[in-house]
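Below is one structure; the comments refer to it alone.
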Amino acid sequence: MTIIVRPLHPIFVAEVSGVDLRCPVDREIFREIEAALDRYAVLIFRAQPLADEQQIAFSQLFGRLETSIGTIRKDRKHRLGRQEIADVSNLDEDNNVRLLADRWCMMILANQLWHTDSSFKRVPGKVSLLSAHEVPPNGGETEFADLRAAYDSLDEATKARIDNLVAEHSIFHSRSLIGYTDFSDQERATLPAVPQTLVRVHPGSGRKTLYLASHASHIVGWPVDQGRALLDELMSFATQPCFVYQHRWRVGDLVVWDNRCTLHRGRPFNNTEDRRDMRRTTVEDLASTLEQSHLAEKS
Ligand code: OGA
Ligand code: MN
């Protein structure tokens with residue numbers, strides 16, 4: 001059996017069919033899925049209503065899973081049973097729609113800024129898998145941008161200027177951008193800012209890629225204002241419509257993306273009335289981006 005891979009955008013994103021992810025996926029099929037992800041960076045699987053356990057089992061084929069950052073919020077109960085599942089819903093632990101003022105809602109709202117998952121961790125996210133359990137009637141799409149294509153399109157002077165730069169990433173920076181600064185010192189201490197290379201080589205395709213996120217606050221060794229201006233400029237460049245795909249969710253969709261070479265953001269919806277139940281698993285990368293670039297230099 002082989003999977004069917006149908007491109008959905010001129011430069012990246014493909015829909016994959018011909019596999020039932022609720023059943024164990026054999027090695028050969030998984031290798032095909034991995035190859036498609038290396039090429040397309042975002043894979044859409046339709047009609048895969050996965051139980052949490054099934055999502056975890058499929059996700060683990062890509063590597064070690066993160067446990068949800070929901071756990072940095074010590075005041076919060078988990079709606080879902082498993083730590084490997086990040087609750088990306090607007091629902092509370094009693095399964096009701098949350099009020100806008102809710103602290104968790106603020107965390108989720110930050111997903112509407114362009115980002116890549118867990119770039120604020122020393123070892124960031126490699127692959128994320130998001131499954132749709134309930135979707136709102138309007139809005140709530142997710143958009144993706146291909147940072148390899150964006151890198152390729154930069155002029156040579158910009159490429160030379162940014163090649164060896166390192167950006168500092170912090171989850172508290174992206175949260176502050178939406179006016180959310182209400183964290184205790186103890187919470188802040190659990191996730192200190194980390195350095196990440198601004199340009200990396202995407203292992204799956206061998207292509208150079210930008211590595212950006214709203215978590216990036218400045219460039220290490222540069223005045224903050226200049227670094228932020230550069231990051232803003234690159235972010236605007238990389239999210240031009242030609243590099244962006246918008247996914248309109250249906251219940252049962254599973255979308256898999258490569259965090260090493262893409263950006264994504266959620267789009268607004270009526271989040272105080274409509275229900276949106278999305279569940280994410282995130283696979284850790286193998287090493288920090290700095291370690292990966294040193295290893296690449298040695299080889
Ligand atoms: C995520 C995320 C966006 C969305 O789960 O990592 O950013 O549309 N989600 O829910
Ligand atoms: Mn995300």
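Counting convention: from 1, in listed order, for ligands and their atoms alike. Small disclaimer: the values here were computed from a predicted structure and weren't measured. Both backbone and side-chain heavy atoms feed into the values below; hydrogens, waters and symmetry mates do not.
Counting only N and O atoms by type, the side chains of D277 and S89 include no donor and acceptor under 3.5 Å apart. Side chains of S119 and H169: a donor-acceptor N/O pair is present below 3.5 angstrom, by distance only. In this structure, a donor-acceptor pair under 3.5 Å is absent between the side chains of T209 and R207. For the residue pair R200 and Q292, a side-chain donor N or O sits within less than 3.5 Å of a side-chain acceptor on the partner.
For ligand 1, the polar-atom distance check against R276 finds a nitrogen or oxygen pair separated by under 3.5 Å. Some N or O of R280 is nearer than 3.5 Å to an N or O of ligand 1, by distance alone. Of the N or O atoms in R267, none lie within a sub-3.5 Å distance of an N or O in ligand 1. The N/O atoms of R265, backbone and side chain alike, include none that comes under 3.5 Å of an N/O atom in ligand 1.
Contacts of T282 with ligand 1, taken as heavy-atom pairs under 4.0 Å, are absent altogether.
Under 4.0 Å is where a charged nitrogen must lie from a carboxylate oxygen, and between R64 and E84 no such pair does. One finds a salt bridge joining R79 and D87 here, because a Lys/Arg side-chain nitrogen approaches an Asp/Glu carboxylate oxygen to under 4.0 Å. Between E66 and K121 there is a salt bridge, since a side-chain N of the basic residue sits under 4.0 Å from a carboxylate O of the acidic one. Salt bridge E28/R31: present, at least one basic N to carboxylate O contact under 4.0 Å. With salt bridges taken as basic N to acidic carboxylate O contacts below 4.0 Å, none links R148 and D258.
Protein N/O/S atoms found under 2.8 Å from the Mn ion (ligand 2): H115 NE2, D117 OD1, H264 NE2.
Close approach of ligand 1 to H264 (heavy-atom distance below 4.0 Å) involves ligand atoms 1 (C), 2 (C), 6 (O), 7 (O). Proximity to D117 (heavy-atom distance under 4.0 Å) selects the following atoms of ligand 1: 6 (O). For ligand 1, the atoms sitting less than 4.0 Å from at least one non-hydrogen atom of G266 are 3 (C), 4 (C), 8 (O), numbered in the order shown with element in parentheses. In summary, the atoms of ligand 1 found under 4.0 Å from a heavy atom of T142, numbered by their order in the structure, are 4 (C), 8 (O).
Taking all heavy atoms of D87, N90, N111, T116 into account, the minimum distance to atom 9 (N) of ligand 1 is reached by N111.
A cation-pi arrangement is present between R276 and F269, with the terminal nitrogen or guanidinium carbon under 6.0 Å from the aromatic centre and inside a 45° cone about the axis.
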Walk me through it: do E93 and R98 pass the test salt bridge (charged side-chain N to carboxylate O under 4.0 Å, His left out)?
-> CA-CA 9 Å; E93 45 277 4; R98 288 174 179 273; 3.5 Å; yes
